[in-house]
2 protein chains.
Amino acid sequence: MNKEEQVIMGFRDLFNKMVWLNKFKMEDRLKDYKPSEVHCIEYIGRNVDSNVTKLAESFYMTRSAISKITKKLIEKGFIESYQKSDNKKEIYFRLTPQGKVINKVHEELHKEFRERDKAVFEQVTEEQFDSMLSFMERYSRHLDAEIKKLGVDSKSE
Amino acid sequence: MNKEEQVIMGFRDLFNKMVWLNKFKMEDRLKDYKPSEVHCIEYIGRNVDSNVTKLAESFYMTRSAISKITKKLIEKGFIESYQKSDNKKEIYFRLTPQGKVINKVHEELHKEFRERDKAVFEQVTEEQFDSMLSFMERYSRHLDAEIKKLGVDSKSE
DNA sequence: ATTATTTTGTTGACACGGAAACAAAATAAC
DNA sequence: GTTATTTTGTTTCCGTGTCAACAAAATAAT
């Protein structure tokens with residue numbers, strides 16, 4: 001197995017591991033809240049005028065799925081929807097005070113994760129950081145271009 | 001946002017993007033086969049004496065899920081189960097000729113993905129590769145240790 | 001040897017996410 | 001200004017994965 005494959009495979013395994021572990025911790029701390037719900041709360045907390053479409057694109061999920069999650073979050077009172085006077089189609093979301101509490105707990109958890117992984121990151125030099133970041137950015141742009149190709153192709157069929 | 005967060009977030013976004021795109025391509029080529037099924041076929045093709053438990057641990061999924069997937073794969077004739085004379089409990093899997101065909105197609109696809117991403121990897125120096133790999137390995141071991149802690153704690157409760 | 005515990009795999013109920021079909025509003029085309 | 005197309009969001013149906021409960025075999029404890 002060459003190094004490219006090692007990077008990809010290691011990448012995948014590491015990611016699965018991290019998601020699994022953090023999900024475990026998350027469910028322990030935020031017992032009644034689903035990961036996807038918390039994830040949405042996080043996004044809505046960070047981005048003003050979030051809507052179903054933006055959330056879906058950001059999470060690589062369907063609008064259908066997001067629509068259901070946000071519906072639940074509204075029922076539970078963590079987010080509320082609002083519209084703008086000049087647009088009767090788009091529906092935006094913002095956190096309620098209750099939602100902000102959840103967001104706070106979520107941020108605390110992330111802080112704990114960072115603390116937990118501090119030792120690993122401390123061994124990384126500035127150059128290594130920059131090298132990894134530039135690699136990821138290049139790779140990401142590359143995939144964006146590939147995805148764009150798909151979009152064009154799928155519509156031209 | 002500091003560099004650690006950038007790495008983690010970039011990591012997550014990049015991974016989501018890659019999974020989404022490759023899933024798209026995969027479903028285009030292997031129309032009737034589900035990603036999880038193909039994933040299992042890949043693992044069983046690589047590892048002798050695969051069983052439900054090993055697959056579940058490797059994929060960070062429940063035995064329940066794997067049990068259902070493998071059941072389907074047997075019904076479809078892609079894998080077959082066998083046991084050893086000295087153990088009437090454990091059930092192992094191996095690919096059938098038909099399963100090997102799927103595995104072949106799957107490998108072809110991976111080759112295409114590598115080809116597609118070649119340009120990105122060509123810009124990576126040997127030192128950068130080693131640096132990334134050692135980082136991932138360290139991080140992975142670190143998370144393993146954390147997961148191990150969980151196991152001990154959850155049993156000592 | 002007998003009993004208790006752990007490991008391994010399966011099943012049924014349920015929740016989550018995707019695909020498709022849909023309605024309503026906004027935008028583009030003419 | 002009217003019609004066609006696109007965008008945005010929702011709902012229904014269905015497949016997949018998790019959880020909990022379970023049975024059977026293997027292993028540990030005594």
Side-chain angles (χ1 to χ4, degrees), chain A residues 16 19-21 23-24 26-28 31-41 44 49-76 79-93 151-152 154-156, chain B residues 16 19-24 26-28 30-41 44 49-76 79-93 151-152 154-156:
Chain A
N16 282 339
V19 166
W20 187 89
L21 177 59
K23 182 167 170 285
F24 188 96
M26 188 91 76
E27 283 168 349
D28 186 55
K31 285 198 188 333
D32 302 324
Y33 315 105
K34 307 284 151 57
S36 61
E37 293 180 357
V38 178
H39 201 188
C40 276
I41 289 175
I44 293 169
D49 294 347
S50 304
N51 63 2
V52 167
T53 301
K54 285 182 202 160
L55 281 160
E57 284 173 356
S58 171
F59 296 171
Y60 289 89
M61 289 172 66
T62 60
R63 291 196 307 260
S64 167
I66 303 293
S67 177
K68 290 166 193 168
I69 294 171
T70 52
K71 188 182 175 185
K72 274 193 189 172
L73 288 175
I74 289 173
E75 283 166 4
K76 293 184 180 178
I79 65 173
E80 57 189 10
S81 63
Y82 63 95
Q83 290 189 296
K84 296 186 177 179
S85 54
D86 59 339
N87 191 319
K88 294 178 178 179
K89 188 172 63 164
E90 297 181 354
I91 301 169
Y92 305 99
F93 303 114
V152 173
S154 69
K155 281 182 183 173
S156 65
Chain B
N16 281 340
V19 167
W20 187 88
L21 178 58
N22 289 0
K23 182 167 169 285
F24 188 95
M26 188 91 75
E27 284 169 349
D28 186 55
L30 292 167
K31 285 200 189 329
D32 302 325
Y33 314 105
K34 306 285 151 58
S36 61
E37 293 180 357
V38 178
H39 200 190
C40 276
I41 289 176
I44 293 169
D49 293 347
S50 304
N51 62 2
V52 167
T53 301
K54 285 181 202 160
L55 281 159
E57 284 173 357
S58 170
F59 296 172
Y60 289 89
M61 289 172 64
T62 60
R63 290 196 308 255
S64 170
I66 303 293
S67 177
K68 289 168 189 169
I69 294 170
T70 52
K71 188 181 175 186
K72 274 194 190 171
L73 288 175
I74 290 173
E75 283 167 3
K76 293 184 180 178
I79 65 173
E80 57 190 9
S81 62
Y82 63 95
Q83 290 189 294
K84 296 184 176 178
S85 55
D86 59 340
N87 191 320
K88 294 178 178 177
K89 189 173 63 164
E90 297 180 353
I91 301 169
Y92 305 99
F93 304 112
V152 174
S154 68
K155 281 183 183 172
S156 66

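Because the structure is predicted, anything quoted here is derived from the model rather than measured. All chains are named by letter (A, B, ...) in the order of the sequence lines, taking the proteins before the strands, and each is independently numbered beginning at 1.
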Exercise. Would you say A/Ser67 reaches D/dT11's phosphate, i.e. side-chain N/O to OP1/OP2 under 4.0 Å?
Worked result: no

For this session: Answer yes or no: does a side-chain N or O of B/Asn51 lie under 4.0 Å from OP1 or OP2 of C/dT8?
Result: no

Exercise. Strictly by modelled atom types, are A/Tyr82 and A/Glu80 linked by a side-chain donor-acceptor pair under 3.5 Å?
Worked result: no

Tell me which donor-acceptor pairs under 3.5 Å the side chains of residues 55-63 of chain A have, and how far apart each pair is, sequence neighbours excluded?
| from | atom 1 | to | atom 2 | distance (Å) |
| --- | --- | --- | --- | --- |
| A/Thr62 | OG1 | A/Ala65 | N | 3.2 |

Problem set entry | Nearest-Å distance for atom pair NZ/C1', residues B/Lys84 and D/dA25 | 16 Å

Exercise. Between the base of D/dG15 and the side chain of B/Lys72, is there any donor-acceptor pair under 3.5 Å?
Worked result: no

Exercise. Could you state the CD1-P distance from A/Ile91 to D/dT7, rounded to the nearest angstrom?
Worked result: 18 Å

Seminar exercise, completed: Hits for side-chain contact (heavy atoms from CB on, under 4.5 Å) against A/Asp28, two or more places apart or cross-chain, chain-then-number order -> A/Lys31

Exercise. Under a 4.5 Å cut-off applied to non-hydrogen side-chain atoms, are A/Ile44 and A/Ile79 in contact?
Worked result: yes

Exercise. Which value, rounded to the nearest 0.5 Å, describes the distance between B/Phe93 atom CZ and B/Ser81 atom OG?
Worked result: 6.5 Å

Problem set entry | Whole angstrom value for the distance that separates P of C/dG18 from CE of B/Met26 | 17 Å

For this session: Using a 4.0 Å heavy-atom cut-off across all strands, classify A/Ile66 as base, sugar-phosphate, or nothing.
Result: nothing

Problem set entry | Student check: side-chain heavy atoms of A/Gln83 and A/Lys89 closer than 4.5 Å | no

Exercise. Near DNA chain C, under 4.0 Å by heavy atom, which residues of residues 52-63 of chain A?
Worked result: A/Met61, A/Thr62

Exercise. Given axes from five pairs at either end, by how many degrees does the helix from C/dA1-D/dT30 to C/dC30-D/dG1 bend, rounded to 10°?
Worked result: 30°

Exercise. Please give, in whole Å, the distance from D/dA25 P to B/Gln83 CD?
Worked result: 10 Å

Problem set entry | Base of C/dT11 paired with side chain of B/Lys71 (donor-acceptor, under 3.5 Å) | no

For this session: Under 4.0 Å between any heavy atoms, over every strand shown, what does B/Ala65 touch: base, sugar-phosphate, or nothing? Just pick one.
Result: base

Exercise. Expressed in angstrom and rounded to an integer, what is the separation of A/Ile69 atom CD1 from D/dT10 atom P?
Worked result: 12 Å

For this session: State whether the distance check finds a donor on one side and an acceptor on the other, under 3.5 Å, for side chain B/Ser64 versus base C/dT11.
Result: yes

Seminar exercise, completed: To the nearest 0.5 Å, atom NE2 of B/His39 lies from atom CE of B/Met26 at 8.5 Å

For this session: Would you classify B/Lys68 as touching base, sugar-phosphate or nothing, given that sugar-phosphate means primed atoms plus P, OP1 and OP2, and contacts are heavy atoms under 4.0 Å?
Result: base

Look for any protein N or O under 3.5 Å of an N or O in nucleotides 26-28 of chain D and output each such pair with its distance, or none.
| from | atom 1 | to | atom 2 | distance (Å) |
| --- | --- | --- | --- | --- |
| D/dA26 | OP1 | B/Lys88 | N | 2.7 |

Problem set entry | Pairwise distance CD(A/Glu90) to CG(A/Asp49) - rounded to 0.5 angstrom | 9.0 Å

Problem set entry | Euclidean distance, A/Lys68 NZ relative to A/Ser36 OG, rounded to 0.5 Å | 11.5 Å

Exercise. What pairs with A/Glu27 under side-chain contact (heavy atoms from CB on, under 4.5 Å), at least two apart in sequence or on another chain?
Worked result: A/Lys23, A/Pro35

Exercise. Roughly how far apart are B/Ile66 CD1 and B/Leu73 CG, rounded to 0.5 Å?
Worked result: 9.5 Å

For this session: Enter the distance from B/Glu75:CD to B/Thr70:OG1 here, rounded to the nearest 0.5 Å.
Result: 10.0 Å

Seminar exercise, completed: Rounded to whole Å, the OH-C1' distance (B/Tyr92 to D/dA25) equals 12 Å

